[in-house]
Amino acid sequence: MAILSSLRRRSAAISVAAVAGATAVGVCLAVSSASAGTLSGSLYRDPSSAVVRWVAANPGDSRTAVIRDKIASQPQARWFANFNPSTVQSEVSGFIGAANAAQQIPVLAVYEITNRDCGGASAGGAPDLNQYQTWVSNFARGLGNQTVIIILETDSLALLTCLSAAEINARNQAISTATRTIKSGNPNAKVYLDGGHSTWNSAGETANRLRAAGVQYADGFFTNVSNYNSTSSEANFGRAVISALNGMGISGKRQVIDTSRNGGASGDWCGDDNTDRRIGQYPTTNTGDGNIDAYLWVKPPGEADGCRFTAGSFQPDLAFSLANGAPNPPTTTPPTTPPPTTTPPTTTPPTTTPPTTPPPNTTPPAGDGCYASIAVNQWAGGFTASVTVTAGKSDINGWTVTVALPGGAVTSAWNAQVSGTSGTVGFTNVSYNGRVLGRQSTTFGFQGTGTGPGVLADCVTS
């Protein structure tokens, strides 16, 4: 997947744009007084992000320890910025499946709107709005049914200077339709629209643009992806936007704030040369503010803005500059007792380390057909498993994987229909993930009591 980025705005007259990065899916949604927002749970750390790959490839670099401990250790958004309608569903499904298996909430940044960035450093997107809706529909089919966070189209509402009145209306309709399409694909998806930032458009103007783009169908709005404003400034701005929306009869909307690079000085927009900035508050859903659902790292720290380096490219010097001297991330004390032997409730599953994917457990087909690989997280009395189904050289239009569970029982599953609970258990595709293109993959998962599966018995096509 290409990694994009762009300029940033400090005011309505000075251009700023968005970004895109690589990496981060879902778990449970619950109203929680501890969080104060509407989200509760740990965020997903993508083990294949650009910064994680760099750290793994450069163990002896003098910058590695700081970048590893303060950036690569943290959950960040995965950007979906390539116009790939034929493969986006399987890419999303695989990412979501890994997050589900880790019992964590993923953050996905959708960056595909037509005439993206008004032709700036991150120009691109869908060729037209009809094709955009096709892409969004395929994207939504891969979202599963657990909680995911969707950052929908950075700068799409704050940056309108290149659009005519008719084009603005068409964009508003496209974003409103995209929001409802995503919500229909996964009712547990939390969708946030573009709110710019506190030094761009006014709160009243931002609220007007959000209303025109269908924020009434979304969960709220995001700010600061395209700038470095302090969290307190963004929170004050967000309260003003929410108040304006309430005055329009649109209530219950909340904010998420990008804190990935707002821990130091502000100033010129370009982060490629500025050495006074630092990473901000570490990502969390525990904001302590009833108006704010999460502090997120939407723009991945260390990815360039496009003024000195290629937009979106990972630059270790930038990452080190942001992380060096910044506070260490908060630590959590491991539990002193093992997880319960009964099945964890679906709203509060145990947090586990994202599994690594072992070699396939079934023989890859020489020609057509499918094969499967499995990753298991086992604890005393229970387990979760993530299974990747890969097509042979030709497309498949349905699959069934059978799993041997001699000492366990399935209690729940996602992205698959289950036949049986113990012994030999069958998992068959659901409506949105049965078609897998040749040499492409999709993912499903399941949870159970007892011991996890020993081997995959078979993968067959329908």
Side-chain angles (χ1 to χ4, degrees), residues 24-32 34-46 75 77-78 80 88-89 91-110 136-152 175-193 214-222 252-256 283-287 292-294 296 298 343-352 354 384 386 411-418 429-433 442-447:
V25 164
V27 79
C28 48
L29 169 65
V31 178
S32 168
S35 170
T38 62
L39 283 167
S40 178
S42 59
L43 298 165
Y44 178 58
R45 174 190 171 274
D46 187 346
R78 171 176 285 193
F80 289 81
V88 64
Q89 178 183 338
E91 290 179 12
V92 172
S93 179
F95 181 65
I96 295 293
N100 286 348
Q103 305 289 335
Q104 295 174 332
I105 302 172
V107 181
L108 295 79
V110 172
V136 169
S137 295
N138 292 342
F139 172 89
R141 292 189 184 100
L143 289 173
N145 58 13
Q146 299 191 46
T147 303
V148 300
I149 297 174
I150 307 294
I151 303 299
L152 188 61
I175 291 174
S176 177
T177 300
T179 300
R180 286 175 284 176
T181 299
I182 291 168
K183 287 283 195 177
S184 178
N186 179 356
N188 289 318
K190 304 285 285 182
V191 181
Y192 301 89
L193 306 188
V215 75
Q216 58 268 34
Y217 305 114
D219 295 275
F221 57 95
F222 59 89
K253 305 308 171 186
R254 292 178 171 83
Q255 180 186 19
V256 297
T284 183
T285 60
N286 187 8
T287 66
I292 302 173
D293 275 347
L296 303 177
V298 181
T343 304
T346 56
T347 55
T348 54
T351 301
T352 58
T384 58
S386 177
T411 57
S412 63
W414 48 93
N415 297 338
Q417 302 177 67
V418 185
N429 64 275
V430 289
S431 60
Y432 54 80
N433 64 0
T442 189
T443 305
F444 71 91
F446 58 99
Q447 183 169 302

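- Atoms CG and CD, on D293 and Q255 in that order, are 9.5 Å from each other to the nearest 0.5 Å.
- In this structure, R45 and Q104 approach most closely via the heavy-atom pair N-OE1, 3.9 Å.
- Using modelled atom types, one side-chain atom of T285 and one backbone atom of G41 make a donor-acceptor pair closer than 3.5 Å.
- Across all non-hydrogen atoms, the minimal contact from P75 to P283 is O-CG, 3.3 Å.
- Between L108 and L143, some side-chain heavy-atom pair lies under the 4.5 Å cut-off.
- S42 contributes atom OG, which lies 9.0 Å from atom CD of Q103 (distance to the nearest 0.5 angstrom).
- With N188 contributing its side chain and N145 its backbone, the two residues share a donor-acceptor pair below 3.5 Å.
- The heavy-atom pair separating K253 from Q216 by the smallest distance is NZ-O, 3.1 Å.
- Contact of the I105 side chain with the V107 side chain is not registered, since no non-hydrogen atoms from C-beta on lie closer than 4.5 Å.
- D219 places a side-chain N or O within donor-acceptor distance of the main-chain N or O of V191, the cut-off being under 3.5 Å.
- At distances below 3.5 Å, not a single donor-acceptor pair connects side-chain atoms of S184 with backbone N or O atoms of R180.
- Counting only distance, with no hydrogens or angles, the side chain of Q417 and the backbone of N429 share a donor-acceptor pair below 3.5 Å.
- The minimum heavy-atom distance linking G220 with V215 is given by the pair O-CG2, 3.8 Å.
- Summarising the geometry of I96 relative to G142, their closest heavy-atom pair is CG1-O, 3.6 Å, with the distance given to 0.1 Å.
- Put simply, the side chain of N186 gets close to the backbone of Q146: a donor and an acceptor are under 3.5 Å apart.
- Minimum interatomic distance between F139 and V110 (heavy atoms only, all atoms of both residues): CZ-CG2, 3.5 Å.
- Side-chain contact check for K190 versus T147: some heavy-atom pair is nearer than 4.5 Å.
- Using a 4.5 Å heavy-atom cutoff, the side chains of T287 and L39 are not in contact.
- Atom CZ of F222 is separated from atom CG of L193 by 7.5 Å, given to the nearest 0.5 angstrom.
- Contact of the L296 side chain with the Y192 side chain is not registered, since no non-hydrogen atoms from C-beta on lie closer than 4.5 Å.
- To the nearest 0.5 Å, atom CD1 of residue I182 and atom OG1 of residue T177 are 11.0 Å apart.
- Separating the CZ atom in R78 from the CD1 atom in I151 is a distance of 15.5 Å, to the nearest 0.5 Å.
- Here the side chain of K183 pairs no donor or acceptor atom with the backbone of A218 at under 3.5 angstrom.
- Looking only at side-chain heavy atoms (C-beta outward), F446 and V418 stay at 4.5 Å or farther from each other.
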